[in-house]
Amino acid sequence: MRKQCWLAAALCLLLQVTFAQSARYPIIPWPQQLVPQSGSFVITPATKLVLPAHPSAFMIETAQLEALLTQALGKPLSTATKASKGAIVLRQNPSLTGEEDYTLDISTTQLLMTAKSPAGFFRAIQTLRQLMPASIEDTRTPDLKRIELPAMQLKDQPVYAWRGMHLDVSRHFFSVDYLKKFIDLLALYKMNKLHLHLTDDQGWRIEIKKYPLLTTQGAWREFNNQDSVCMEKAATNPDMAIDTSHIIHKDGKTLYGGFYTQEQMKDIIRYAAARHIEIIPEVDMPGHMMAAIRQYPFLACSGEIGWGKTFSTPICPCNESTFAFAEDVFTEIAALFPSKYIHLGADEVEKTSWAASPACAEVMKANNLKSVEELQSYFVKRMEKFFHSKGKTLIGWDEILEGGISPTAVLMYWRSWVPDAPVNAARHGNSVIMTPGNPLYFDGPPDRNSLYNVYHFQPIPKGLTAEEAKHIMGAQANIWTEYIPSEKRADYMFMPRMTALAEVLWTNKNNYDNYLQRLNEQYKRLDMLGVHYRLPDLDGFTEDNVFVDKGILEVKKPLTDMTIRYTTDGSIPAENSTVLPAQYIINTPQTIKLAAFSPAGNRGDIYTLRYRQEAYRPSTVVKDARPGLKLDYYTGAFKSVTKIKAEPDSTIRVNNLLVPEGMGKGGGAFGARIQGYINIPATGIYSFYVTVDDGGILYIDDQEVVNNDGWHAPFQKSGQVALEKGWHPVKLAFVEGGGGYTLKVEYSVNGSKLQPVPDSWFGAGL
Ligand code: ACM
């Protein structure tokens, strides 16, 4: 029976891993092969731990497992050298191929964990940890008398070598303790790279001994306009308050900032390494360097400090003193960080000061450089040579392609509006790390679609052959922190999204509904770990609701142990607000605010539900109900649908409220109006959900139903309308600012699941 299951592992997986089993095996990321078995293995304080034959090679990992079990049981297990019945056995397994590969064989009589390398043992321990009750995470030692582990046979290894998270510690600063908490979460979900964005215009965060002003002065700033936005938002969301532990008072000024000493960074690197996570430092240049130029003005072409048309003035690649500075900085960075990679940044460079510089004119002439883009490439290539002299590989944001890329640089792709960049780089033979803004910029506020979008992200860009695709090392989510001023806000922004990415990168098998079930189990653990994650969305309502005679609000709870509280006086629901009954009757127009609370006191998103009383809107007669809608296309950058110009540049027929792929040639800006009629199948109260990037408004019967206007990342908004059976005029106005778009319109009726509006409902457009 067991053998057959190994042979047909995929089939067994499909048949056997039901939703009920997602509670029994709540592992994220899902293992490559897991064959459930009946029964369980029981760990008690009397269980023996059998260490590998060469324990010194796995000292850290065995100590980690011992610490985990000690925390759970309240006392350490005794160790043995020979496997025996009832024991936990750790064994080195040279037959495995990858450093992170491991197996876990749990029967009623033995728990056998094998790996080839320490990294594999570490990953195995995280799987084991996720199979144990969440209460083991309680650092006050739960003193469990027995831990039951479900029997199974598991064989596991990652699909992608680069499973990364990025954190910008410049725009807002994060403490050493927070970085360790962040690393712990990466480790729990088998992520293996942490890219730290250590410097930017708003603050220099890593000690460089040769240039002390970078941190004594450059790590501190007065509050900026991004802080002001956060402070405004803090009035209704305490997580948006600036973390006071990073505020100091000096020379009569209030300053925000902080930095890591090299000693602190060594500690962080060690902490990460013990969890088999590599830290990649980014010191972003030649742009994004204002914090450094303020202290060392010689770095800029003409000593100017400030802002150009779009970005800050960069350092000057035409003075040898700039290279001397950069090489000094990277000498210290290379010595400090053991990673083989150093990230040079090289994104968003405002090159006007170079174009105006006589020194640059000379350098360009001497080196036969035809454009400032080639001058940037000259800087990057010189720095890469220097990195090579230190044994390091250069990573750069995808702008490094522009003036010509060296064959050995690694490209980090981020500009969703330049879809060819990773394809061209891979074809050129460069290694590529995928971090496209949509959906991997986790600084974009999460909504009910975020998990789905991240889970369905495919790291291999379209158009690559299997051979070319080997250049895609993996992917990474980035957290830019201009508007993330606190640890709680950071937790909310990346959790649980990171768990979806972890499963894409480790497992890469679409198992979404099952993943959501497993995630529900993970929340208990995250509560124990004090993670301020975004709670799962509530369903059963829209923002704008209508009722005809009386409405019933029935909110579905995605987690049984969450409590939903509400207010009707406009105040933010708090832990002492009234609990929402299972059925809340609405018979007067009102505004309800509701939020879910986890047992640990985590508050979910606040939903504001407006209830209007309305009669069913009458339908209209349509004479020529040909299928399809009319789409008018308008070239130009319109920041709001109300600004779209009057005359379209072209008109096409579409069969739904959609903008066909590829509009706005080359990722350009445009507007669109899609109109015609919608045939409502039965009189009822319909909810519409519009997910849009950049902006859009949906009108039915010439009245606004969903307003999701203005340029923004993909975001869902909803509205409700009481409609009589039959035809109603429908219109969707849409604006795209450039860089790729999303438009999705869904509906639900009488509380049904969201579903796409069928093409057959639309007609009379053209
Ligand atoms: C970036 O977001 N500027 C890499």
Side-chain angles (χ1 to χ4, degrees), residues 24-28 31 34 37 39-93 100 102-115 117-154 156 180-181 183-190 271 274-276 521-522 524-530:
R24 187 165 151 84
Y25 304 98
I27 308 163
I28 295 178
L34 187 154
Q37 306 283 315
S40 47
F41 178 81
V42 180
I43 305 176
T44 72
T47 302
K48 293 258 184 306
L49 181 62
V50 182
L51 301 182
H54 308 287
S56 62
F58 306 101
M59 222 156 53
I60 296 176
E61 292 68 31
T62 47
Q64 283 162 333
L65 178 58
E66 286 177 304
L68 182 69
L69 293 167
T70 304
Q71 177 166 312
L73 300 163
K75 75 187 266 294
L77 296 188
S78 52
T79 55
T81 46
K82 279 225 163 63
S84 60
K85 201 165 173 220
I88 299 174
V89 181
L90 275 56
R91 187 177 296 154
Q92 191 176 14
N93 184 349
E100 297 183 287
Y102 70 94
T103 69
L104 205 51
D105 195 342
I106 303 179
S107 71
T108 52
T109 53
Q110 195 183 66
L111 189 161
L112 172 65
M113 184 189 283
T114 83
S117 311
F121 274 115
F122 185 79
R123 305 294 177 232
I125 293 166
Q126 301 315 305
T127 300
L128 196 60
R129 180 177 166 195
Q130 292 189 4
L131 291 168
M132 295 182 182
S135 59
I136 65 149
E137 307 291 349
D138 188 341
T139 48
R140 291 162 304 177
T141 65
D143 286 348
L144 301 177
K145 297 289 168 275
R146 47 188 276 131
I147 303 171
E148 261 188 59
L149 295 168
M152 60 178 190
Q153 286 184 301
L154 185 155
D156 205 7
K180 289 184 176 174
K181 180 183 177 190
I183 289 165
D184 281 335
L185 286 172
L186 265 65
L188 178 57
Y189 296 103
K190 302 189 175 73
Y271 192 86
R275 286 151 186 80
H276 298 276
E521 299 297 319
Q522 294 284 331
K524 297 174 193 151
R525 191 169 304 274
L526 295 175
D527 276 333
M528 285 287 173
L529 293 169

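All values below come from the heavy atoms of this structure, side chains included, with hydrogens, waters and symmetry mates left out.
- The minimum heavy-atom distance between Arg123 and Lys190, with the atom names listed, is O-CE, 3.4 Å.
- Gln64 is listed as a side-chain neighbour of Ile60, based on a closest heavy-atom distance under 4.5 Å.
- Met132 places a side-chain heavy atom less than 4.5 Å from the side chain of Leu128.
- Between Glu100 atom CD and Asp156 atom CG the span is 10.0 Å, to the nearest 0.5 Å.
- Nearest approach of Leu104 to Ala124, heavy atoms of both residues: CD2-O, 4.4 Å.
- Remark: Glu148 pairs with Ser40, Arg146 by the side chain to side chain donor-acceptor pair (under 3.5 Å) rule, at least two apart or across chains.
- Scored by the side chain to side chain donor-acceptor pair (under 3.5 Å) test, Arg525 finds Glu137 as partners (sequence neighbours excluded).
- Within the 3.5 Å criterion, the main-chain N or O of Thr109 finds a donor-acceptor partner in the side chain of Ser107.
- Scanning for side chain to side chain contact (heavy atoms under 4.5 Å, CB included) contacts around Gln92 gives His54, Phe58, with sequence neighbours left out.
- Within the 4.5 Å cutoff, the side chain of Gln37 has no heavy atoms near those of the Ile106 side chain.
- At a threshold of 4.5 Å between non-hydrogen side-chain atoms, the residues Met152 and Arg24 do not count as touching.
- Considering every non-hydrogen atom in both Ala83 and Gln110, the closest pair reads CB-NE2, 4.0 Å.
- Residues Ile125 and Met113 form a side-chain contact, since some pair of their non-hydrogen atoms from C-beta on lies under 4.5 Å apart.
- Summarising the geometry of Gly120 relative to Tyr102, their closest heavy-atom pair is O-CB, 3.5 Å, with the distance given to 0.1 Å.
- Once rounded to the nearest 0.5 Å, the distance linking CG of Leu77 with CG of Leu65 reads 8.0 Å.
- Annotation: the span from Asp105 atom CG to Gln153 atom CD amounts to 5.0 Å, rounded to 0.5 Å.
- The minimum heavy-atom distance linking Pro133 with Leu144 is given by the pair CG-CD1, 4.0 Å.
- For residues 44-53, the set of pairs meeting the side chain to side chain donor-acceptor pair (under 3.5 Å) definition, not counting sequence neighbours, is empty.
- Here the shortest heavy-atom pairing between Arg275 and Phe122 reads O-CE2, 3.4 Å.
- Checked by atom type, the side-chain pair Ser135/Lys524 shows no donor-acceptor distance below 3.5 Å.
- A side-chain donor-acceptor contact under 3.5 Å links Arg129 and Gln126.
- Atom-to-atom distance recorded for Asp143:CG and Ile136:CD1 is 13.0 Å, nearest 0.5 angstrom.
- Here CG of Asp138 is found 10.0 Å from CG of Leu529. Values are rounded to the nearest 0.5 Å.
- Rounding to the nearest 0.5 angstrom, the gap separating the CG atom in Leu188 from the OG1 atom in Thr127 is 9.5 Å.
- Residues passing the side chain to side chain contact (heavy atoms under 4.5 Å, CB included) test with Lys180, sequence neighbours excluded: Val176, Asp267, Tyr271.
- Every residue meeting the side chain to side chain contact (heavy atoms under 4.5 Å, CB included) condition with Thr79, not counting sequence neighbours, appears here in chain and number order: Leu49, Leu51, Glu66.
- Paired with Ile88 under the rule side chain to side chain contact (heavy atoms under 4.5 Å, CB included), one option of Val50, Leu149, Leu69, Leu112 passes, and it is Leu69.
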